[in-house]
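In what follows, a structure is listed as structure tokens, so that the remarks can point back to it.
Since the structure is predicted, the reported quantities are computational estimates derived from the model, not experimental observations. Numbered from 1 within each chain, the chains take letters A, B, ... in sequence-line order.
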Protein chains: 2
Amino acid sequence: MSRRVTMADVAREAGVSLMTVSRALNDKDGISDATRERIQEVIVRLGYRPSSIARGLVTKRTGTIGLVVPDNSNPYFSEVARGVEHTAYANNYSVFLCNTEEDPEREKAVLHSLAEKYIDGLVLCSSRLTEEDLRDCLKDFSAQVLLNRLFTSSSATMVLAHDEQGARLAIQHLLERGHRLIGNLAGPERSYGGLMRVQGYAGALYDAGLSYEPDWIQHCAPTVDASQQAAAELLTRHPELTALVCFNDLVAVGALKACRNLGIAVPKDLAIVGFDDIPLASLVTPALTTIHVQRYEMGRLAGETLMRQIKGEKERSVHLLPVTLMIRDSAP
Amino acid sequence: MSRRVTMADVAREAGVSLMTVSRALNDKDGISDATRERIQEVIVRLGYRPSSIARGLVTKRTGTIGLVVPDNSNPYFSEVARGVEHTAYANNYSVFLCNTEEDPEREKAVLHSLAEKYIDGLVLCSSRLTEEDLRDCLKDFSAQVLLNRLFTSSSATMVLAHDEQGARLAIQHLLERGHRLIGNLAGPERSYGGLMRVQGYAGALYDAGLSYEPDWIQHCAPTVDASQQAAAELLTRHPELTALVCFNDLVAVGALKACRNLGIAVPKDLAIVGFDDIPLASLVTPALTTIHVQRYEMGRLAGETLMRQIKGEKERSVHLLPVTLMIRDSAP
DNA sequence: CTGAAAGCGCTAACAC
DNA sequence: GTGTTAGCGCTTTCAG
């Protein structure tokens, strides 16, 4: 590829000045229809592409945003990402996708790299950073939206699923079906969402005048394998449990597998409720009763919110997305 | 956020010239350790971030690549994306992620937008464009890797899964188990991978001295719902079939559901083989026998290949990734 | 070892 | 309607 064609080439070829080309490009007025068309023709003929790099240098706007997620191959985040990307595209923005792989060092690294790219805004998902590190990193960005994490010591805009409410819905559903001994496969110990979900579990039981054994709560990594083992331990330790709420659907599937091994029939012997409603949830057997989280909508909302922020509008700081109970076969 | 700190600020504060700061930044020599450290200190103190925009304008290298996929929420592509992003990160590159949503117009639009961003390279997945449109779009990029599509009239580098071989493995497995009447839920009619998979199906049967009815091949959209309906039609039309190979795992899951409705026992009455081995495959009941495609590795390889291309190395043009048969319960 | 000058491709501000 | 000048923040080239 030889030298790329520049605005100067177009100007020369069309017999006008740089400014006139620039105006034609940006649909500004103060230019006759004739020249506009002539320039347009030259642009097409030469295959000219304006350089958003050069433009960005002068306008201080790059037309790009950053999206940082723990792992794009996790269906939860890939769906969020699609929502963000969709909104960005609709607003003529491009998005940098970065995976942190749950590694705080890597998270800092990608945030620094995004800062050097002079992105116009940032959507940050579920950060592993301490509040201090986070504050330090975020100061490089003028527009930002935090997902799934409440960041108390900042005025950053946040978009959250109503995790606590979701857990409450799950418990209420089980209580209505007569369950009183409800275990909790609670996922990672230090996840903000996980914490809220445990809070909803405890709160719903408390409100019903019931209590739970701390030992009914078992943490585990949010994967099928880790959960399968954790579920086996929990259910062996507490065979009296008649129901299990799970951190998310993957964990619930692990529990399902554990039950199959232990000869526990779901939902007859044990009811299981998941969380998130990823596509998998409706495809396993028995299909999972779970809490539906609007992941695409979450990404979309984060994107829209960010776009408004970039345009300089004031934003309210917390958006709480409602969740709903999906009743399927694992806890009918 | 006030004005961002620039190299000039650092230079002034450190009492040196712009050039010296630039040299310190880029680890060039011709600068004493003392000044280097002093500059480093000032950089940290001021929170200076070099502008990759300004740098890009002069160096013609932006440190960014583009990744275009049909749909990032599809587990196939989200995994490919993770592979690409991982390699990019390891090479200090950032990735623009774009979804085309299978829309050729949108695909052209994102490619144009990426061209204006002056990305250093492009990974393009499974294009819907005609060869002519594609050639036209690709000429804006100096380094490029095409995924899952053979582009005959170009010297572009390509990374492909061995789709035909995969289909052959599936058929051979079924033949070994005595199946002779094998249907094909063949997915979208105009997908390159789909075409190759049908070719493998036909080829393997032909090589075994067997034939198949054209009517045993039924196309459908690659979703669970579309496939469920298509499978029901096919199996009703041809109850003699004893096995079914499917375009991908989602289609296979649709077939599984159709069988459940029709009272067909899998694998006893009908064996089913999927394709891709997405996480879902091992989690449904019965677990899917399927063809494993190394999606992450595909992304990684595409990324590595692109990086070498960017560095100016000559690349061989076609990388064919091997696939393997995963025997599970749907066709033991 | 360090600095001054020029320029990357574009737009903002002001002429004509 | 259109052109001229200056400059965005950096690196390259050439002097010292």
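- Salt bridge absent: A/E41 and A/R38 never bring a charged side-chain N and a carboxylate O closer than 4.0 Å.
- Between A/E116 and B/R55 there is no salt bridge, since none of the side-chain N atoms of the basic residue sits less than 4.0 Å from a carboxylate O of the acidic one.
- The distance between atom CE of B/M7 and atom C1' of D/dG7, rounded to the nearest whole Å, is 15 Å.
- Dashed line: the shortest gap from a side-chain N or O of A/K60 to OP1 or OP2 of D/dG9 is under 4.0 Å.
- One interatomic measurement links the two molecules: CZ of B/R12 to C1' of D/dG9, which rounds to 13 Å at whole-angstrom precision.
- Phosphate proximity of D/dT12 to B/S22: absent, as no side-chain N or O sits under 4.0 Å from OP1 or OP2.
- To the nearest angstrom, C1' of C/dC1 lies 16 Å from CD of B/E37.
- Taking atom CZ of residue B/R61 and atom P of nucleotide D/dT12, one finds them 11 Å apart after rounding to whole Å.
- In this structure, CZ of B/R55 is placed 18 Å from P of D/dC8, rounded to the nearest angstrom.
- A salt bridge links A/E102 to A/R128: at least one charged side-chain nitrogen sits closer than 4.0 Å to a carboxylate oxygen.
- A sub-4.0 Å separation between OP1 or OP2 of D/dC10 and a side-chain N or O of A/Y118 is absent.
- In A/E132, the CD atom is not crowded: 12 or fewer heavy atoms of neighbouring residues, nucleotides or ligands sit closer than 6.0 Å.
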With the criterion being N/O to N/O and under 3.5 Å, what pairs connect the protein with nucleotides 1-4 of chain D, and how long is each?
unit_1: D/dT2; atom_1: OP2; unit_2: A/S32; atom_2: N; d: 2.8
unit_1: D/dT2; atom_1: OP2; unit_2: A/T35; atom_2: OG1; d: 2.7
unit_1: D/dG3; atom_1: OP2; unit_2: A/S17; atom_2: N; d: 2.8
unit_1: D/dG3; atom_1: OP2; unit_2: A/S17; atom_2: OG; d: 3.1
unit_1: D/dG3; atom_1: OP2; unit_2: A/T20; atom_2: OG1; d: 2.6
unit_1: D/dG3; atom_1: N7; unit_2: A/R23; atom_2: NH2; d: 2.9
unit_1: D/dG3; atom_1: O6; unit_2: A/R23; atom_2: NH1; d: 3.3
unit_1: D/dG3; atom_1: O6; unit_2: A/R23; atom_2: NH2; d: 3.3

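- We find that CD1 of A/I53 is positioned 12 Å from C1' of C/dC10, with the value rounded to whole Å.
- Here the options are A/T157, A/V318, A/L138, A/V159, the test is side chain to side chain contact (heavy atoms under 4.5 Å, CB included), and the partner is A/L146; only A/L138 passes.
- Side-chain contact check for B/N72 and B/S78: no donor-acceptor pair (N or O, by modelled atom type) lies under 3.5 Å.
- The nearest whole Å value for the distance from the NZ atom in B/K28 to the C1' atom in D/dC14 is 14 Å.
- Closest approach of B/S22 and B/M7 over heavy atoms only: CB-CE, 3.8 Å.
- What separates CG of A/N26 from P of C/dG9 is a distance of 17 Å, to the nearest Å.
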